[in-house]
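A short worksheet on the structure shown next.
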Amino acid sequence: MCCECLSPSAGRQVVKKPLNAFMLYMKEMRHKVLQEGRERESAAINRILGRRWHALSQSEQSKYYDLAQKERLLHMQLYPGWSARDNYVCTVRPSQCPYTVSV
DNA sequence: ATTCCTTTGAAGGAT
DNA sequence: ATCCTTCAAAGGAAT
C-alpha cells in the first residue's frame, strides 16, 4: 500500500463505492447459505452465491438491479462529485496519487 | 495487523 | 470504443 492515508489507522473518512446488484444480493442471502450448510469461509460462500445468482430468474435479478440503481442515486445525492478513484490505491499510476500529502 | 481468497458489476484508467 | 484493473461485502485462512 503506497497510500498511508488510506490505511484505516490513519482515520481518514472513506466514502465507499455503492453496492452493485450482486453485492446487494450477497448481503441479503449470505445468512441463508450460512444456515443451510456448515460452510463458513466467504470465498466459498461467494462461489455458491455466484452460482445462485445465475440461477435467478430475470424478474428476481431485476429486483436487485433496481435496488442497486437506487443506491447509486442516493450515493450521488449524498456525495456530489464523489469519485471511485478516491479509494484507489495507486498501483496503476503511483506518480499521480492524490493522497501523498501528510496526514 | 494486514492481505488473500472469491463472486458480479460499476467505474475509472489505459490503449 | 474496447480492454483491463480496482473495489465494493465478508470472514476464515494465510502471511
Side-chain angles (χ1 to χ4, degrees):
Chain A
M1 233 189 200
C2 68
C3 304
E4 296 291 337
C5 48
L6 278 177
S7 79
S9 54
R12 188 175 79 87
Q13 179 183 336
V14 176
V15 177
K16 296 185 175 181
K17 282 184 179 183
L19 304 186
N20 64 37
F22 177 70
M23 287 295 148
L24 291 168
Y25 171 72
M26 270 206 342
K27 210 167 185 186
E28 183 179 304
M29 297 300 290
R30 187 180 57 85
H31 72 282
K32 285 191 179 179
V33 179
L34 287 170
Q35 286 178 352
E36 290 170 9
R38 46 189 118 132
E39 193 61 71
R40 301 264 82 106
E41 299 175 42
S42 290
I45 300 283
N46 297 347
R47 261 191 307 264
I48 294 169
L49 287 169
R51 287 202 308 270
R52 294 199 182 182
W53 174 252
H54 291 107
L56 288 181
S57 70
Q58 192 178 28
S59 62
E60 286 168 327
Q61 280 195 3
S62 67
K63 165 189 169 185
Y64 295 96
Y65 280 102
D66 291 348
L67 203 63
Q69 187 184 33
K70 289 181 183 175
E71 292 281 316
R72 270 181 32 245
L73 255 66
L74 178 63
H75 196 275
M76 278 174 42
Q77 304 244 332
L78 288 176
Y79 314 105
W82 175 90
S83 168
R85 196 195 191 294
D86 294 353
N87 293 346
Y88 275 31
V89 176
C90 342
T91 52
V92 179
R93 301 166 70 190
S95 61
Q96 296 190 16
C97 176
Y99 302 120
T100 47
V101 289
S102 60
V103 292

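Proteins get letters first, then strands, A, B, ... in listed order; numbering begins at 1 in each.
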Using OP1 and OP2 only, check whether a side-chain N or O of A:Y25 sits under 4.0 Å from B:dG9. no
Expressed in angstrom and rounded to an integer, what is the separation of A:M26 atom CE from B:dT7 atom P? 11 Å
In terms of side-chain geometry, is the basic nitrogen of A:E39 or A:R47 positioned less than 4.0 Å from the acidic oxygen of its partner? no
With sugar-phosphate meaning primed atoms plus P, OP1 and OP2, does A:H54 contact a base, only sugar-phosphate, or nothing at under 4.0 Å between heavy atoms? sugar-phosphate
d(CH2, A:W82; C1', B:dA11) in whole Å: 8 Å
Mapping A:M23 and A:A43 to their closest nucleotides on DNA chain B, which lands nearer the 5' end? A:A43
Which listed nucleotide (C:dC7, B:dT6, B:dT8) is nearest to the side chain of A:W53? B:dT8
From CZ of A:R47 across to C1' of C:dG12 the rounded distance in Å is 12 Å
For A:L19 and A:R40, find the nucleotide of DNA chain C closest to each by heavy atoms; which residue's nucleotide sits nearer the 5' end? A:L19
All N/O contacts under 3.5 Å from nucleotides 13-15 of chain C to the protein, with atom names and distances to one decimal?
none

By the 4.0 Å heavy-atom rule, please label A:Y65 as base, sugar-phosphate, or nothing. sugar-phosphate
Supply the atom-to-atom distance A:L67 CG to A:E28 CD, rounded to the nearest 0.5 angstrom. 8.0 Å
Report the C-alpha separation of A:F22 and A:Q61 in whole Å, then their side-chain angles, then the decisive distance to 0.1 Å, and conclude whether the side chain to side chain contact (heavy atoms under 4.5 Å, CB included) test is met. CA-CA 9 Å; A:F22 177 70; A:Q61 280 195 3; over 6 Å; no
Given side chain to side chain contact (heavy atoms under 4.5 Å, CB included), test A:V15 with A:D86 step by step and report yes or no. CA-CA 8 Å; A:V15 177; A:D86 294 353; over 6 Å; no
Is there a side-chain polar atom (N or O) of A:R30 under 4.0 Å from OP1 or OP2 of B:dT7? no
For atom CG of A:D86 and atom P of B:dG12, their distance in whole Å: 10 Å
Anything under 30° is parallel, anything over 60° is perpendicular, the rest tilted; go ahead and classify A:W53 against A:Y65. tilted
Tell me: NZ of A:K16 to C1' of C:dA10, nearest whole Å? 11 Å
Between P of B:dT6 and CD of A:E39, the distance in whole Å: 12 Å
At under 4.0 Å, does any side-chain N or O of A:R85 touch on OP1 or OP2 of B:dG13? yes
d(NZ, A:K27; C1', B:dT6) in whole Å: 18 Å
Rounded to whole Å, the CG-P distance (A:L73 to B:dA11) equals 11 Å
Does C:dA8 have its OP1 or OP2 closer than 4.0 Å to a side-chain nitrogen or oxygen of A:N87? yes
So for atom CD, which belongs to A:E36, do other residues, nucleotides or ligands contribute more than 12 heavy atoms lying within a distance under 6.0 Å? yes
Under 3.5 Å donor-acceptor, A:R40 side chain and A:L34 backbone: yes
